[in-house]
Structures are given as structure tokens and as C-alpha cells.
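Notes follow the structure.
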Amino acid sequence: MTQSADSLPVYSIRDLLAGQANLQTQVTIQGWLRTRRDSKAGLSFLQISDGSCFATLQVVATNELANYTDAILHLTSGCAVRCSGTLVESQGRGQSLEIQASAVEIVGWVENPDSYPIQPKQHSFEFLREVAHLRPRTNTFGAIARVRHVAAQAIHRYFHEHGYYWVNTPLITASDAEGAGQLFRVSTLDQMNLPRTDKGDIDYSKDFFGRETFLTVSGQLNVEAYCLALSKVYTFGPTFRAENSNTTRHLAEFWMIEPEIAFADLDDLVALAEDFLKYVFRAVLSECPDDMAFFAERIEPQAIKRLETLIEQPFQRVDYTAAIEILQQSGKKFEFKPEWGIDLQTEHERYLTEQHFNAPVVVVNYPDEIKAFYMRLNDQRDGEPGRTVAAMDVLAPGIGEIIGGSQREERLDILTQRMQAHDIDLEQYSWYVDFRRYGTVPHAGFGLGFERLVSYITGMANIRDVIPYPRVPGNAGF
RNA sequence: UCCCCGGUAGCUCAGUUGGUUAGAGCGGGUGACUGUUAAUCACUAGGUCCGCGGUUCGAGUCCGUGCCGGGGAGCCA
């Protein structure tokens, strides 16, 4: 609560609906008009949103107000207003409280009401992406913004309460072979006049950092260093991938959460993933009930139900080898035939999580051949045609892979063998190998795509709609 | 990057086998009516049918091409 110019207390709609002001007291709210409904009996109903919560507040303005005819009757969707008056119980249905206005000040008009893009009606998400600067004024994008915030806060809170330290890994990196995707180049060289070496190559020794640099595709390698000193750490920050991916679940710029735990194996990691996800889902359900009710009503009917179910049930867990057998015995015709050694295709993941288990599934112990060099090599086990690594993916219905992680290879000799097999430059990664020389311990970590998490929570089908300003191939507008 | 689908009013869309002056709902304006709930009713304004080229007596409609958007696949979180 603050004081307005005429010294009436200014409230957020959220606080008023939470009962922070008494009935029959004078209050002020500030926000944007959603709709205006007139009664020629001489009063208008103004539906005001200030984004503090999903609900709007109704302001009743009568023709006794000095600016009623000249101004209030000309208000359109999107106008910014400051409304003062008496907080009362509503005489009409549909809302509990309303404000009987003693003053309605128009702070900002809408210049062209006939072409203002955000109308009180259903818009397509495709259209709203083209007005990404105005879409937060809609119910849907306001709700997404609040859920996104609450989820982010819950993530930090979970780790903080469980003794993890947040580590800020660099966004600019010189590692060009992390194996997680194509990189965006970071350079200050004059592109019209590039310095060249004797051989005719671009001379990056003349570049800002004196070498080739890129935007990070993962903080994992860097955060392992802090894991092997602070025991329990995590990253939460932006990540960049220059893949030419045009799907509903890929962004060129997205936010990733990467916990890393020392003295831990794959079982510990799977347990963390489950406990962590359930904590975040519980927080969103309890802190954003109105927003979640909206998603269940308009976006995804199962939005609330599936989170509640997920919180109650233990995660399904299946070995890669067993998953392949399930797929083979499903009787379903897949475009890519499931065979031991292949990576699980989208159609396979969808079958497992949406049909066979109908719940989030953790697939563990993938073939060595298809996974990254830093994943820990398992001992050969009966029934497995080849060697596997201690990797795990969490698959969610409708989204697919939401988490990918592994126990890390802590044995020096095996790690260096694997790096050579993967053509990794040992010289460049000597600092990473050092951890295995100086007090090495079993450790494990995973990466969680924050936008994929928000997609799953809200039921929003396209990942471009759960980040304020999506960056995708061919589009970096706003 | 590959495969499909689409682009008509501010928005959502319709538009017949190619045929006169391209329509509706919502939104805007004006008016009527009502403690209203995406209010209702009447009237009204509003169009480079994505761009370029072609076929045709005639193209929103058919063909080619470019741009943009969407869905799916791959890559992955």
C-alpha cells in the first residue's frame, strides 16, 4: 500500500481482494481498463486490471462525476486509469467487491481505439506473438507471467531450503565442443574487414577475448567445479543454442536450471528430480490458484488434475533396455523401429509417457554410444547388448523430455578414454579433467528447461508463449 | 534443414465449377435500453484479398516464385 497524490491509500487489486482494506473505507486503485459497460440510468461499470492477480476489479462510475460525459464514456480497452472511491460489497453478481468511484482520473488514453490490438475477445496465440509487447495485457499472458515468476521463486526456494548454493556460471564461453548444440559466436571484430592469419583464416587472436568465444549452451562443466567444493549447487540462467529448430518446444534463448550434487549417484539424482518437481508444482498450485483455474478452464482441462496426480504418485522409473522391450512389445507401428542402441525418438517418448505409463517417466541407463562423454560408464549387466551410461531423462506427457541428466564420470582413466573416443580436445578441457585428479568424488546433475516446465504446468502448447520475448530462427523481434 | 498447411476489414473467419459493387461476428463511432458481467438492440465507418510475375475476355479463386506465419520431423532442455 502506498499513498496516492490526493493521499488516499493506493492498493493493488490483489491486496483488496485479500481483504487488506475494510469495507466502506476510501481506496485508490491504478490499472488498465479491460471493458466498460454503460447504463443509461447514468452509470458505467469499469473492469480494471492491474496485473497483481488474475481477477479484475469493478469500478462503478456515475454521471455525478465531473468528467463522466466528456471522458469516462469515451474510455476504451487499454486506457490507463486511477480510480478512487469507497470499497463496498457489490450489488451485482459476478464479483464480491467493487469501488463506488468518487474520482476516475484518465492517466493514459488509447490513441486509436479502432486499431488497438488487444480487444476483449479471444485472440489467436499466433497473432499475439506479433504484438508481444502488448500481449501481457491479456488474461492468458498475465497468468503465464505470474506462474513463471512463482515457479522461478519456488525453484530458488527449494534449493535454498535444501542447502544448495546458486552459482552464476558464465554466459560467454570459449568451449566450442560441449556437445550440447550449435553455438552463437560472440565477437567484436569488424565483419566487413576481418583480420586474417597467414593461412587466410580469421584471426581470432585479434578478437575481444583474444580467442574464439561463444554464448554458453550449458553451465554444467563450470558448475561441476563449484559442486566439487560446495557439495550442493545449481545454476539458473539463460542458455543459447543456435540450432535451426522450428518446433513448439525449442527456443534459441531459454532458461535452464542445472543442479549438481557431490557424493551422489544416479539414484540420488532421480530422487532429487522427483522431489524438486513435486515441490515446484505444489508451490504453483497453492500460490496461483486463480491462474491455474484459468488454464484448466481455457487452455488445458487437465492442467490442475495432472499436477495433483503427479504430486501424489511416485515417479515411474524404467531402464532404457526395458523401455525398448516395452516399445517392441507394444504392437504399435513406429516410424523408427525400436531397437537397442538407438536414441528414443519423439514418437517413442510419447508412447511411453502418454500411453504406456500415462504419467511422467524417468528413463535411465542409456547406451554409451548415444550419450555425452562426461556420463559415467556402467558395469556391463546381464541382458544388455552393450555398455550403458548412468544417464536419465524425465519425460512428461505432452512435452517430452523435460529433464536430462547423468551421474558424471569421476574416474580419471575412463574419462580421458571417453574424451578421446568422442574426439574431445584434452588440452582445452584439462581444467575439467583436473577435478578427477584432485579429490575426485562421484557426482551427478541434470538440466531442466525452465520454459518446458512452465509449458507443462500451464498446458500452453507452444514454448514461444511461455517466455516474454521468444527468440527463434528468423525472429528476434521486440 | 526436411515434409505438410495457411496468408481476405483492427481481430476471428466465410467466400460456390474463375464471373457484376468481396461478406459475417467481435472491436470502433453514433443512438436506444438495462446494476451491467466478453451486456443487448439499431444504424454507421472501415479492404493494396501478403508481394512480384504469368494464364485468361475476366483472378480473392488457377500456375510459378519470393516473403511471413503455423503444425510435424530431426537436433535437444
Side-chain angles (χ1 to χ4, degrees), chain A residues 34-47 55-62 73-78 88-95 98 100 110-131 134 138-139 178-182 217-220 235 238-258 298 335-336 343-347 349-350 370-372 393-396 399-405 446-456 461-465 467 472-475 477:
Chain A
R34 281 287 174 76
T35 60
R36 187 193 88 230
R37 294 180 294 272
D38 301 325
S39 161
K40 274 297 182 318
L43 65 160
S44 292
F45 302 95
L46 310 179
Q47 206 77 45
T56 55
L57 192 63
Q58 175 163 287
V59 172
V60 183
T62 71
L73 280 181
H74 294 92
L75 285 171
T76 55
S77 295
V88 297
E89 276 184 57
S90 180
Q91 296 172 35
R93 285 181 206 156
Q95 61 279 319
E98 65 187 23
Q100 292 283 353
V110 166
E111 196 174 66
N112 297 308
D114 55 339
S115 60
Y116 177 62
I118 308 300
Q119 300 167 3
K121 59 167 283 190
Q122 195 137 24
H123 290 98
S124 68
F125 295 135
E126 292 84 355
F127 167 70
L128 290 170
R129 267 170 232 150
E130 292 168 13
V131 287
L134 298 174
T138 63
N139 278 333
E178 289 174 32
Q182 295 291 110
V217 293
S218 165
Q220 179 203 317
T235 71
T239 306
F240 307 88
R241 304 223 174 140
E243 302 285 353
N244 193 3
S245 298
N246 292 285
T247 78
T248 55
R249 54 193 182 282
H250 287 88
L251 293 165
E253 176 185 286
F254 64 99
W255 287 63
M256 189 153 64
I257 297 109
E258 297 169 293
R298 295 293 185 86
E335 193 185 332
F336 294 88
D343 207 354
L344 294 181
Q345 304 292 310
T346 298
E347 56 177 343
E349 295 181 346
R350 291 183 75 104
I370 57 173
K371 288 293 183 183
D393 283 355
V394 178
L395 312 178
I399 304 292
E401 186 179 340
I402 193 167
I403 283 179
F446 64 71
L448 164 71
F450 184 53
E451 284 75 18
R452 288 190 181 175
L453 181 74
V454 178
S455 283
Y456 183 70
N462 194 319
I463 201 163
R464 298 167 195 202
D465 295 327
I467 190 166
V472 295
N475 196 339

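Below, chain A is the first sequence line, B the second, and so on; all start at residue 1. What's counted below: heavy atoms across the whole structure, side chains too, no hydrogens, waters or symmetry copies. Keep in mind the model is a prediction, meaning the values are calculated, not measured.
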Does the side chain of [X] get closer than 4.0 angstrom to OP1 or OP2 of [N] through an N or O atom?
X        : N     : answer
A:Arg249 : B:A73 : yes
A:Thr346 : B:G74 : yes
A:Arg37  : B:A39 : yes

Exercise for the section: Indicate, with a heavy-atom threshold strictly under 4.0 Å, whether A:Glu98 touches base, sugar-phosphate, or nothing. Expected result: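 It contacts base atoms.
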Kindly say whether, by distance alone, the side chain of [X] makes a donor-acceptor pair under 3.5 Å with the base of [N]?
X        : N     : answer
A:Gln119 : B:G27 : no
A:His123 : B:C11 : no
A:Ser245 : B:C75 : yes
A:Asn246 : B:U1  : yes
A:Glu335 : B:G74 : no

Exercise for the section: Could you please name the partner base of B:G35, counting Watson-Crick and G-U wobble pairs only when both distances are under 3.5 Å? Expected result: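 Its partner is none (no Watson-Crick or G-U wobble pair with both distances under 3.5 Å).
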Exercise for the section: Could you let me know what B:C75 is paired to, Watson-Crick or G-U wobble, both distances under 3.5 Å, or none if it's on its own? Expected result: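 Paired with B:C75, as far as the under-3.5 Å criterion goes, is no nucleotide at all.
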Exercise for the section: Give a yes-or-no answer on whether the side chains of A:Arg37 and A:Gln58 include a donor-acceptor pair shorter than 3.5 Å. Expected result: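 Judged by distance alone, the side chains do pair up.
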